[in-house]
Structure formats: structure tokens, C-alpha cells
Number of protein chains: 2
Amino acid sequence: MRVKGREYRTIWPKDGKVAIIDQTRLPHEFALVMVETLAEAAAAIRDMKVRGAPLIGVAAAYGLALAMQADPSDAGIERASAALLATRPTAVNLRWALAMMREHLLPLAPAARPAAAFARAAELAEADVALCAAIGDHGLALIRKIAAAKQGPVNILTHCNAGWLCAVDWGTATAPIYKAHAAGIGLHVFVDETRPRNQGASLTAWELLQEGIPHQVIVDNAGGHLMQHGGIDLVIVGTDRTTATGDVCNKIGTYLKALAAHDNGVPFYVAAPSPSIDFSLSDGIKEIPIEERAASEVTEISGVAEDGRIARVRLTPQGSDAANPGFDVTPARLVTGLITERGMIKADRAALAAAFPERAAQTP
Amino acid sequence: MRVKGREYRTIWPKDGKVAIIDQTRLPHEFALVMVETLAEAAAAIRDMKVRGAPLIGVAAAYGLALAMQADPSDAGIERASAALLATRPTAVNLRWALAMMREHLLPLAPAARPAAAFARAAELAEADVALCAAIGDHGLALIRKIAAAKQGPVNILTHCNAGWLCAVDWGTATAPIYKAHAAGIGLHVFVDETRPRNQGASLTAWELLQEGIPHQVIVDNAGGHLMQHGGIDLVIVGTDRTTATGDVCNKIGTYLKALAAHDNGVPFYVAAPSPSIDFSLSDGIKEIPIEERAASEVTEISGVAEDGRIARVRLTPQGSDAANPGFDVTPARLVTGLITERGMIKADRAALAAAFPERAAQTP
């Protein structure tokens, strides 16, 4: 998508290295970083220079490719996989992408592995672009229907960043928005700031700004009020992990917006690329472990100070502790539909199994 | 309540002036301010140096007393009332306290008004302390019951600051907490940071820290997840305005926590001093105008920088707008009970009218 009028992706190979956008410096600075080693790739994922389920998967694939340049042995594959897997325990895409890479590389002679790894990572990247574009097309149809039934812009609420910055291009939750905007449909996007890491305020808002799409940032507390007053036509969010039954594990706070949508008859859609679906899970609340992140993400925040420099400030009194669960689970009963690359799917076991029979069958 | 081990109130008269705690500088700095004129009192309320429904009422009463020192005429009373009323349009206590003051002062000779006004303001302050203490006693009974039925500490979630800093002493939502702690009941308080102004992270956390009560700050997104996993035994929040039917207008985001409590069978209590009840209203969502506050409250935030100074940082990309509704309305159906100074009341018209017949009868 566009940055200062020029088309970018979030990750691309260049001269045996991998270029990424350092997303921790957005929205205040647009900086590209060249990643050269496995350690740098793992650090980029762990430190959230690259983040978002789909992008993490592709970044891990490229990370494995970088590792092959240093050690293309079987042991090298296993060591690199383990290092990459450890960076973000919740991300099912990471596991999936690394499995695809291992499966592709292990039968090959070590000498052939570096080039093959880069080629395979590029294929995974292209597959993700196609997948997001397909989600965008299915979501566009939905937005078109809502636009036809009302006067004025379609008001969309989104939480966190499930934008192109979290994928390779298009994004998941934003793909329908970008496609609808391109199709000339009037939109107004309310962007949850998404504490504690403020991915909405910093990344989604920045994306929409670069694409010229009307939007307003709101605090995470505000969405319910807007829905009570008819200010939201639909909610679209992403997912980090989706169960076989349609429960959705996504950024902390998603569940609260789903409750508000349900209470006010606002449709609540989840852009769910199939790699995010874990057919081995059937109860998201009981079965999905939730990452407890550092208290400092709650007690401190970064932004641009008056002198233009990035500054970190403490928000809480010295001595107060913080709890910081990173994700929550929205039960399937609150999800109007899953927008997958194969179309809109009801959030239940039968519909998901029917849409992805090859995936459902694989699972014991 | 205690600050650095010493007992304070939030407001008190001294030598024809009025002392307040500058709450905008908390939690990083504890600073007292002497307010000397009507204009300073109005500014203190408008700039939220004093905030919280009960304290705003008492501060307005003292503001009127300060105004009487300069102009004790009938016109002076009306001018001062209008100026104070304009500072916070949502606060029903402000209107109520000013009405009480006018009623008391207008029959008196102008020369007698300054002293009478200070005396009356002090009575309103004492009445608020008694009222909060009574809410505390009723809430204590509730917490005692919950503590008796479980092992370990009672886990309480609160939103915003309905603590002693928003009243004269005790607070409303915190009064039961302080009384329970004093009674030796083990507590753990989860404090919603309460974006955009972070009254939870800055004020409630600071209060609890000063009183030595175990607590953790959480982002506003986290409460639903904690409730899904049995981590919250009860929610207690305050109210800025309560309808005759039990709808509760409180800080933005309260509604989302009420939805989560309802969805998880967690009791949701509102500490509702009777001056917050507006018996002329019967549908909070339709009838209560919601203050739209400055976008800069969302796009910027203050905290302590590494050098120890208070710094303001911008969170959003330059060019992104923000919407900022200040309050939302929690429908009575989501409220387990209203903790008033006359005991626990069901959130409905009949129960409220039975508990406050003199107030209900006044209303056309």
C-alpha cells in the first residue's frame, strides 16, 4: 500500500538480506531496516519491529532463509526453527510458516537450501498477498451492501492493527476498507487506539492517513457509546488465532467491542485468513494460553515530545504494579461472520469444516 | 484519607481562601493550591484541578463563597452561579450545590452573605463526607459477604476515579474498599487506567498506594478477559448522573465493563450518592447529553519523562483526527445494584422512588 504516495510492502528480499519497515518507529518515523541474520530476524519479531499474525509468519520464513545462508544443515534448520518459534508463543502463523519451510527444505541438499528457502519464503509472501486480497473482495461485497442501504458514509470500527502493516500487503481487517475506498464507497473509520501498545493509534491511523481514508482515533472506551447512538455500521477486526468452533483470540479488548456490538445489533466481523484457524482447538477461552506481557507496557508509553524527539513517559505512580494480558478471546456466539479468503463463513464448527475440509480433516 | 501518612481532605477553607489539591499534577506531584477568587474557582473546575461529581459540587459552593467576598449582591450571586455552572455541563451535583447555595443566600442581607456562604459550603462538605461514609458502610457489608464465601483476597475492578479525590473524603466507589481494608478483609483492586485522561492510572492507583491497598493498574481493554477467567469478584464504579430508572452516566468505558460483568455473571455495583440521581430523567441513553471533549486528550498524553519532568507526548500521526466522547450510559439492566447512602437499591424506578420519596416527589 501507499507510503508518501509510493507503493510498499512490509517485507521484501534484497541482495541476500531482507528489508522490513521498523514498525516500532511508526507513526512518527518511517524507517526501513535491513535484516541480515537469524538473530536479527528473531529480534525483529520479538521486539515487534514486525508484528501481526500474517507478517510474523512471512518474517519467520525469511528468518529461516537467512539462517540457511549461515548453516544449511538439518541441525541448522531445527535450531533456527526453534529460535524463531520462541519469539511469539501465541502466533499460530509462525508455527505454520516454519512447518511449511521445514517441509520444503529438509528433502533438499544443504547447498540448495539457501536459494530454495528464499524462493519458498517469497511464495509464502505472495500467497499472503493473494489471501488478503481475497478477504478484501469478500469484505467489499459486504460493505457495498451496507452502503446501498444507508445515506452518508459507512462507519466502521476497528481494533488494533490488522492492516497491511500486519501482513505483506492489503492487511486482513483493512483489506475490505481499502477495496471499498478504491471502489468509491464513502467511509469513516473509527480506530480504537488499542492500549497498551497503541497499534490502532499509531499504525492503523497512519495507514489510513497514507491512503487518504477519513478516520478518527478513539480511546478503547468509546466504541460502546458510539454503537449505542447508531454511530457504527459494522465492526471489522483481525484474529491471531481462531478455533475450529469460531472463537477468536485477538488483541486484548476485542471481546469488549464484540459485546457492545452484540448489545446494539451492530454486525461484528472478523477477517480470518485460514492460517489463523487452529482446527485442534474447540474452546478458545479454556484452551488458548494468553501471553502476560511486561507491566511497563501499561505503566509507560512513548510518543513525540514537543521537541520532536521520541520520549517515553511514566503514566502511573511509582510503586503501583500493573497486569498486562495481551489478548482475549471473543466467543463465537458474538461473531457475526468470519471473512476468510474463501468467503464469509459462519463462526461455527460445521461451517468452518465445510469451508476448509482439507484443514479440518488433518486434525485428530 | 492518607497522603504520605497524613490525613487530608480534597478541599478546605483557610483564611478566607480555599485550599485544594491540584489533581492534574497527581500522581507525580502532590501540590496544594490556594484558590482566592471566583475566576480561579471556575478555572480549577474547568481545568479539572478539582474533578469528580461530589467534589465539583462542593468546589462550586466554595467558589460561590469566594465570589460573595467580592460582590455579595443578588446580581453577584447570579453571575457567579452562571459562571460556575458553565464549567462542566454534565455535572448534576454542580447544579444541585449551586441551587442549595442560592436558596440559602438570597434571603440574607448582602453583608451577611460571605460568612454564611462559607458556613453553608462547609455544611455541604460535611454532608458529602457523611454520605460517602454511609456508602462505604453499605458496600463493606457486601464485600464482607463475598469475602466470607471465598478463599483469598476479594478481587475488585474499578473504572476511573470515584475515590476520595473525587469527593471530600472516602470517595464513593472506593469508600467500601477503604472500609473493607480497614476491617482487615484481604483485597486486590484492578484499576482501569481510564483513557483518555487516565484518572484510574493516575488518581485511583495513587490513592490505593497511599492507603497501602494491593492493586494493579490494567488497560481499559483488559477487564473482560479477567472476568472470563474468574479474576474479578465484583465491579464497583461511580456515577456522574443516575436516572430515575437507574441508568448510569459515568466515565466513558463504564458501559463496556458492565457488559462484560453481565456476560460473566460478575456483580456490577454503582456507588450512587443521591445527589447524582436526576429524577427528571427516565432514559439515560436518549436524554443525557454527552460532552464531546478535546481531541488532544486522545492524541496526546502526559507523564513523567526519564529526566523526572512532566512531559506531554503525541501518540497519533500528525494529521489523524480523534473523537472524544467523555461519558457513556450504562443501562439499568446491567446494574446489579446502586450503593446509596440509604443502602443498596435496585436500579429501577420503583426502588429508587421508594428509597428517595422526597426527591422523586419533587420531580414533575
Side-chain angles (χ1 to χ4, degrees), chain A residues 26-28 190-191 193-196 198 201-202 205-206 208-209 215-226 228-229 251-257 259-260 263 285 290 295 298-306 310-317 319-325 327-329, chain B residues 26-28 190-191 193-196 198 201-202 205-206 208-209 215-226 228-229 251-257 259-260 263 285 290 295 298-306 310-317 319-325 327-329:
Chain A
L26 290 173
H28 311 299
F190 289 96
V191 181
E193 64 172 348
T194 320
R195 285 280 288 148
N198 271 30
S202 55
W206 182 82
L208 295 171
L209 195 65
H215 65 282
Q216 287 180 299
V217 177
I218 53 174
V219 294
D220 302 304
N221 285 322
H225 168 73
L226 296 176
Q228 283 180 323
H229 290 269
K251 191 61 55 190
I252 190 81
T254 302
Y255 166 53
L256 295 173
K257 289 308 131 59
L259 284 169
D263 199 46
I285 295 173
I290 300 297
V298 177
T299 59
E300 300 172 8
I301 199 166
S302 289
V304 181
E306 275 168 20
I310 305 288
R312 195 159 182 81
V313 297
R314 197 182 73 242
L315 302 172
T316 50
S320 285
D321 189 19
N324 186 19
F327 300 85
D328 64 21
V329 173
Chain B
L26 291 174
H28 311 300
F190 289 97
V191 180
E193 65 172 349
T194 320
R195 283 280 289 149
N198 271 30
S202 55
W206 181 82
L208 295 171
L209 196 63
H215 66 282
Q216 285 179 301
V217 177
I218 53 174
V219 295
D220 302 305
N221 285 322
H225 167 74
L226 295 177
Q228 283 179 323
H229 291 269
K251 192 62 54 190
I252 191 80
T254 302
Y255 166 54
L256 296 172
K257 290 307 131 59
L259 284 169
D263 199 45
I285 294 173
I290 300 296
V298 177
T299 59
E300 301 172 8
I301 200 166
S302 290
V304 181
E306 275 167 20
I310 305 290
R312 195 158 182 82
V313 296
R314 198 182 71 242
L315 303 172
T316 50
S320 284
D321 189 19
N324 186 20
F327 300 85
D328 65 20
V329 172

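Here the structure is a predicted model, which means the values were calculated and not measured. Below, chain A is the first sequence line, B the second, and so on; all start at residue 1. The figures that follow rest on heavy atoms only: side chains count, while hydrogens, waters and symmetry mates do not.
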Query raised in the report: Which bit of B:E193 comes within less than 4.5 Å of chain A, counting heavy atoms only: side chain, backbone, both or neither?
Result: side chain
Report task. Go through B:V304, B:V329, B:T316 and name the one with the most non-hydrogen pairs under 4.5 angstrom from chain A. Result -> B:V304
**Report entry** Distance-only donor-acceptor check, side chains B:Y255 and A:N221, under 3.5 Å
**Finding:** no
Report summary line: Answer key: most heavy-atom pairs under 4.5 Å with chain B among A:L226, A:I285, A:I218, A:V298 is A:I285
Query raised in the report: Do B:D220 and A:V219 have side-chain heavy atoms sitting under 4.5 Å apart?
Result: no
Query raised in the report: Is it the backbone or the side chain of B:H215 that comes under 4.5 Å from a heavy atom of chain A, or both, or neither?
Result: both
**Report entry** Options A:T194, A:N324, A:I252, ranked by heavy-atom pairs under 4.5 Å with chain B, top entry
**Finding:** A:I252
Report task. Can you tell which part of B:L209 gets under 4.5 Å to a heavy atom of chain A, answering side chain, backbone, both or neither? Result -> side chain
**Report entry** Side chain proximity check, B:V217 to A:T299, heavy atoms < 4.5 angstrom
**Finding:** no
Query - Part of A:S302 lying under 4.5 Å from any heavy atom of chain B - result: backbone
Query raised in the report: chain B: which of A:D328, A:L256, A:L26 shares the most heavy-atom pairs with it under 4.5 Å?
Result: A:L256
Report summary line: When rounded to the nearest 0.5 Å, the distance separating CG of B:D263 from CG of A:L259 is 5.0 Å
Query raised in the report: With side chains defined as the heavy atoms from C-beta onward, is the minimum distance between B:E306 and A:R314 less than 4.5 Å?
Result: no
Requested in this report: Could you have a look at A:H28, A:K251, A:R195, A:K257 and say which one has the most heavy-atom pairs with chain B under 4.5 angstrom?
Outcome: A:R195
**Report entry** Top contributor to chain B interface from A:P317, A:P27, A:G253 [non-hydrogen pairs under 4.5 Å]
**Finding:** A:P317
Report task. Select one option (side chain, backbone, both, neither) describing which atoms of B:I290 are under 4.5 Å from chain A's heavy atoms. Result -> side chain
Query raised in the report: For the candidates A:A323, A:A201, A:A260, A:P325, which exhibits the highest count of non-hydrogen atom pairs separated by less than 4.5 Å from chain B?
Result: A:A323
